Amino acid sequence: MLSNQKSREELGLKYYEQMIHRCFRCGYCKFTSDSIDINCPSYKKFKFESFSTGGRLWLIYGLMSNELEWSDHMSKILYACTTCGNCGENCKLLSRKLGSEFAVDIIEFARAEAFKNGFCTENAINFGNHTAKEHNPYLEKHEDRLSWLPDDFENPEDPEIGYFVGCTSSYREKELARNTFEVLQKIGVKFSIFQEEWCCGSPLLRTGQREIAINQAQHNLELFRNKNIKTIVTSCAGCYRTIKEDYSRILYNEASEDNLPFEVLHISEYIKRLLDEGKIEFKRNSNGKRKVTYHDPCHLGRHAGMYDEPREIIKSIPGIELEEMRKIKGDATCCGAGGGVKAGFSEWALEMASNRVEEALETEAEILVTTCPFCERNFADAIKEHNYDIQLMDLVNLLKEIL
Ligand code: SF4
Ligand code: SF4
């Protein structure tokens, strides 16, 4: 693409038009990579072709060519998708040309059309409006963002990294924010945390509210540029994927040479780097030998391709044994919280989380470890609902014990 050509953001669904038409509805996007186990949560639930990517692409094509009209039912079909990315992994036709993200990109741009046409879900519009004003989707005040941070913490003059806390850890999973803070302190790195941080924009991009998402992203980009931060570390898989993968595409024309002025690392990637450089080492775990299993969050796994770092960290913790679940990495079962589904279809989200926790129970692990506070919230709800006998932990919580 030449630099004077329109960007993907400007073209929206038009950018994908030819590829949408090229889908020949073979149906492979519903399955795992090596079996005919249905792994598209949406098709599994609604059992109708429209609720798979093949079906949705056909409907989207109908909307684009004005052969179909917007309706509440069309909106339900478009929003009943966790944007887990299983379909992109398994479509051998379209992902060859567009990369495995293509299906989720198309769904997100179709949702942007739903939003423009007044067919976005009410819950999503509410958290979108709130984010425009208070910069978080949890209907909380911006001024309370760092309420978890010890009063005596001061940003150093020459920080090595900026810790991007994210809205879920700031307002709903504060233990993860506190534990990440403690881990960074134990490591001895000079880090900054900013009250001026805004929502990364993920919930808005996933639900089609792109303009508000771009405003949040632009603000964060300027914040970190002005503070001269060269490395951003996140403890949330959703913030990681959004800043690392989406910001380049929504803030820059892909045809230009310009890109983000900082690197973006998930905390597990950062810890792995320090381990490899011999800058940190793990103490023996005082809790005895423990068996854990690991859930790949869609944002970190299928969307960002990070499968190894969390596993390598877990395997190098003395006294911890990793027992894998049946479906892992690109075939991992989605936790059910993403793509606005937890807000829009809460009972279904709980059902999906319960399925995944039951897969974890099959391993007889004592602890289910993940690297995403949003997955953790959904799993916690399922464990509470069914009284499942398994402990839930973010990888950072494990690290806090052994650094
Ligand atoms: S999206 Fe890909 S895998 Fe799914 S039906 Fe279309 S061509 Fe087949
Ligand atoms: S993103 Fe996930 S839920 Fe949505 S169509 Fe693809 S496989 Fe199904």
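Counting convention: from 1, in listed order, for ligands and their atoms alike. Everything numeric in this text was worked out from a predicted model, so none of it was measured.
Atom 4 (Fe) of ligand 1 has Cys29 SG as its protein N, O or S neighbours under 2.8 Å.
Distances from atom 8 (Fe) of ligand 2 show that Cys40 has an N/O/S atom below 2.8 Å.
In this structure, atom 1 (S) of ligand 2 lies nearest to the protein heavy atom Cys84 N, 3.2 Å. For atom 4 (Fe) of ligand 2, the closest non-hydrogen atom on the protein side is Cys81 SG, 2.3 Å.
Here is the list of ligand 2 atoms found below 4.0 Å of a heavy atom in Thr82: 3 (S). Atoms of ligand 2 found under 4.0 Å from any heavy atom of Gly85, numbered from 1 in the order shown, are 1 (S), 2 (Fe). The atoms of ligand 2 that sit less than 4.0 Å from any heavy atom of Arg56 are 5 (S).
Phe345 has its ring centre no less than 6.0 Å from the ring centre of Tyr79. Aromatic rings of Tyr270 and Tyr163 (six-membered ring for Trp) have centroids beyond the 6.0 Å cut-off, not under it.
Using a 4.5 Å heavy-atom threshold, the side chains of His130 and Tyr138 count as separate. Taking the side chain as every heavy atom from C-beta outward, Ile280 and Leu403 approach each other to under 4.5 Å.
Heavy atoms only, all atoms of each residue included: Ile390 and Val357 are closest at CG2-CG1, 4.0 Å. When all heavy atoms of Pro297 and Tyr294 are compared, the closest pair comes out as CD-OH, 3.5 Å.
Relative orientation of the Phe164 and Phe224 rings is tilted, given thresholds of 30° and 60° on the angle between their planes. The aromatic rings of His219 and His135 lie parallel to each other, with less than 30° between the two planes, well short of the 60° mark.
Considering only residues two or more places apart in sequence or on other chains, Asp394 meets the side-chain hydrogen bond (donor to acceptor under 3.5 Å, both in side chains) condition with none of them.
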